[in-house]
Amino acid sequence: MSTASTGHVRSTESAAEKAPDTHTVSPAAGRRPVAAAAAGFCGVVLALCLMGIGVVALRDAILAAGWIEGSLWTANTAGWIDGLTFSTWMIPAGIGCVLLGLGFLWCAVKPRRKIAVALGAHSAVWIGTSDLARIATAAAQSVPGVLRAQTDATPSKLTVTAITMTGRDGSSIIEDVSQSVHDALTAVDSPPKVRVRGKRAKR
Amino acid sequence: MTRTAVALDRLAALLIGVLLIVLGAGALVWNTDLFSDTPEAITAPAFTTATTEPWWGWAMAGAGVILLVVGLRWLLSHSPAQRAKTLRLDGTDRTGTLSADMGAVADGVAAALAGIAGVQSAKGKAIIDRGLTTLDFSLSVGVDQDLGPVVTEIDEVAAQVPRITGDPGIAVRCRIHAERRPGGHADRVE
């Protein structure tokens with residue numbers, strides 16, 4: 001078993017896993033938080049479809065054993081497929097199938113969405129994009145002349161909308177808000193771009 | 001979800017996607033002159049005949065059970081990250097096993113994190129995240145909190161973990177949450 005004195009950091013992400021200095025012992029870095037894979041939704045749908053087909057098969061098995069009465073759904077399906085000719089309904093159905101198939105393909109290859117950014121730390125410390133938005137909003141609202149603020153956030157960009165009082169110079173407020181937000185995000189390893197929009201409050 | 005489960009979902013989505021596109025494209029070009037040898041009608045005599053055979057009921061019973069079990073197992077693979085339960089400690093030999101409850105380790109470290117100035121609360125759990133045994137912590141701070149000193153102290157606490165567990169391969173991850181002010185406006189996140 002390895003010991004803690006090595007100070008080794010397993011590197012899985014670039015931002016949060018800086019090499020420790022010689023005096024710091026850091027644990028291995030946890031993986032970056034990400035949203036659930038889009039393919040997971042497809043997996044749930046397909047698993048339910050699989051179970052649905054299984055229920056139909058069991059129903060036909062019970063019917064074949066004579067425990068219930070009716071017609072075999074699998075036989076009906078086979079009879080419907082056998083001898084099927086072209087019909088006009090196949091055009092919209094075909095378009096639907098192609099679109100649905102493209103959707104499945106997109107889900108299959110879509111990367112998991114990043115939902116957090118790294119803070120400048122030796123260990124893996126992350127802050128969620130929504131939390132960054134809250135911090136930016138609070139920082140903007142702390143500026144004199146700002147009545148309220150709202151932030152739209154992605155891991156790489158924050159757009160702060162500040163509703164300002166009519167009495168102050170708009171451009172100077174925007175500069176102050178921008179500075180305040182930047183100051184609030186100094187602990188972020190790679191701070192997102194910050195864009196500030198000012199709106200005058202209605203009289 | 002494990003990486004295997006995600007990979008299975010991606011593979012299944014890929015295959016079904018291709019199948020749907022082929023089916024849809026087939027339906028769209030069926031009545032056109034793009035291909036000269038398109039049949040007038042689909043025939044499936046073997047399928048039709050099979051449904052009348054005496055073994056069809058047994059085949060459906062077997063297929064139904066298999067599909068239900070596989071579907072249920074697949075569905076359950078979408079559960080949240082698996083918990084890491086015990087950690088084998090140094091000193092384990094033929095005479096006995098020494099192990100630590102990973103959940104208790106996470107609780108202990110979370111208590112230390114909760115003691116950091118500016119941290120309102122801290123919770124911890126031991127999980128297996130994409131194949132990596134991880135002590136995962138969630139810390140709440142005020143929205144006005146200066147994060148720099150908090151991060152420095154988190155590093156100090158995290159540095160204790162390899163000494164506690166004796167295994168630097170056990171990962172640590174801290175996620176900081178900024179608590180919303182009461183009555184504050186909701187921000188939008190993409």
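Since we're looking at a predicted model, the values are computed, not measured. Within every chain, numbering begins at 1; the chains are lettered A, B, ... in the order of the sequence lines, protein sequences first and strands thereafter.
- You'll find the side chain of I91(A) reaches within 4.5 Å of the side chain of L28(B), heavy atoms only.
- The main-chain N or O of R31(A) is found under 3.5 Å from a side-chain atom of R173(B) such that the two form a donor-acceptor pair.
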What pairs of donor and acceptor atoms, side-chain ones from residues 48-70 of chain B against any protein atom, are under 3.5 angstrom apart with sequence neighbours left out?
from   : atom 1 : to     : atom 2 : distance (Å)
T48(B) : OG1    : D82(A) : OD2    : 3.4
T48(B) : OG1    : A44(B) : O      : 2.9
T49(B) : OG1    : P45(B) : O      : 2.7
T51(B) : OG1    : T48(B) : O      : 2.6
T52(B) : OG1    : T49(B) : O      : 2.5
W56(B) : NE1    : T74(A) : OG1    : 3.0

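- Across V109(A), I127(A), V45(A), T77(A), the residue that shares the most heavy-atom pairs under 4.5 angstrom with chain B is I127(A).
- Ranked by non-hydrogen atom pairs under 4.5 Å with chain B, the options G79(A), G103(A), G40(A) are led by G40(A).
- Separation of atoms CZ (F86(A)) and OG1 (T32(B)) is listed at 8.5 Å; rounding is to 0.5 Å.
- Only the side chain of C42(A) comes within less than 4.5 Å of a heavy atom in chain B; its backbone stays farther off.
- Both the backbone and the side chain of V18(B) come within less than 4.5 Å of a heavy atom of chain A.
- Between chain A and the residues V6(B), T134(B), L139(B), I16(B), the most heavy-atom pairs under 4.5 angstrom are made by I16(B).
- Only the side chain of L72(A) comes within contact range of chain B, judged by heavy atoms closer than 4.5 Å.
- Residue K110(A) touches chain B through its backbone alone, counting heavy-atom pairs closer than 4.5 Å.
- The line from OG1 of T186(A) to CG of D146(B) is 6.0 Å long, rounded to the nearest 0.5 Å.
- Between chain B and the options A57(A), C49(A), G96(A), heavy-atom pairs under 4.5 Å are most frequent for A57(A).
- Looking at H78(B), the atoms closer than 4.5 Å to chain A (heavy atoms on both sides) all sit in the side chain, from C-beta outward.
- Rounding to the nearest 0.5 Å places NE2 of H122(A) at 10.0 Å from CD of E156(B).
- Both the backbone and the side chain of A47(A) have a heavy atom closer than 4.5 Å to some heavy atom of chain B.
- Between chain A and the options V161(B), V141(B), L72(B), heavy-atom pairs under 4.5 Å are most frequent for L72(B).
- Of all the listed residues (G52(A), A37(A), A78(A)), the one sharing the greatest number of non-hydrogen pairs under 4.5 Å with chain B is A78(A).
- Heavy atoms only, all atoms of each residue included: A28(A) and G169(B) are closest at CB-O, 3.8 Å.
- Taking both residues in full, the closest heavy atoms of R112(A) and R130(B) are given as NH1-CD, 4.0 Å, listed atom of the first, atom of the second, then distance.
- With a 4.5 Å cut-off on side-chain heavy atoms, W74(B) and L46(A) count as touching.
- Of all heavy-atom pairs between T85(A) and A41(B), the closest is CG2-CB, 3.5 Å.
- Screening V151(B), V157(B), D155(B) for a side chain to side chain contact (heavy atoms under 4.5 Å, CB included) involving S123(A) leaves a single residue, D155(B).
- Enclosure of atom CG in D93(B) by more than 12 non-hydrogen atoms of other residues, nucleotides or ligands within 6.0 angstrom is indicated.
- If you measure heavy-atom distances from R59(A) to chain B, you find no contacts under 4.5 Å at all.
- When each of S77(B), A5(B), A178(B) is scored by its heavy-atom pairs under 4.5 Å with chain A, the top score falls to A178(B).
- Residue V117(A) does not touch chain B at all, counting heavy-atom pairs closer than 4.5 Å.
- At a 4.5 Å heavy-atom cutoff, the contact between A75(A) and chain B is made by backbone and side-chain atoms alike.
- For A138(A) against V143(B), the heavy-atom pair with the smallest separation is CB-CG1, 3.6 Å.
- Here the closest non-hydrogen pair linking G94(A) and A27(B) is CA-CB, 4.1 Å.
- Atom CG of residue L50(A) and atom CZ of residue R73(B) lie 13.5 Å apart, to the nearest 0.5 angstrom.
- Between chain B and the options A61(A), A64(A), G43(A), the largest number of non-hydrogen pairs under 4.5 Å is found for G43(A).
- D131(A) places no side-chain N or O within donor-acceptor distance of the main-chain N or O of H177(B), the cut-off being under 3.5 Å.
- A heavy-atom distance below 4.5 Å is found between the side chains of V125(A) and I176(B).
- When heavy atoms are compared at a cutoff of 4.5 Å, I95(A) approaches chain B by way of both its backbone and its side chain.
- Inter-residue side-chain proximity for L147(B) and I135(A) is flagged as met; some heavy-atom pair is nearer than 4.5 Å.
- When every heavy atom of C97(A) is checked against every heavy atom of G24(B), the shortest pair comes out as CB-CA, 3.6 Å.
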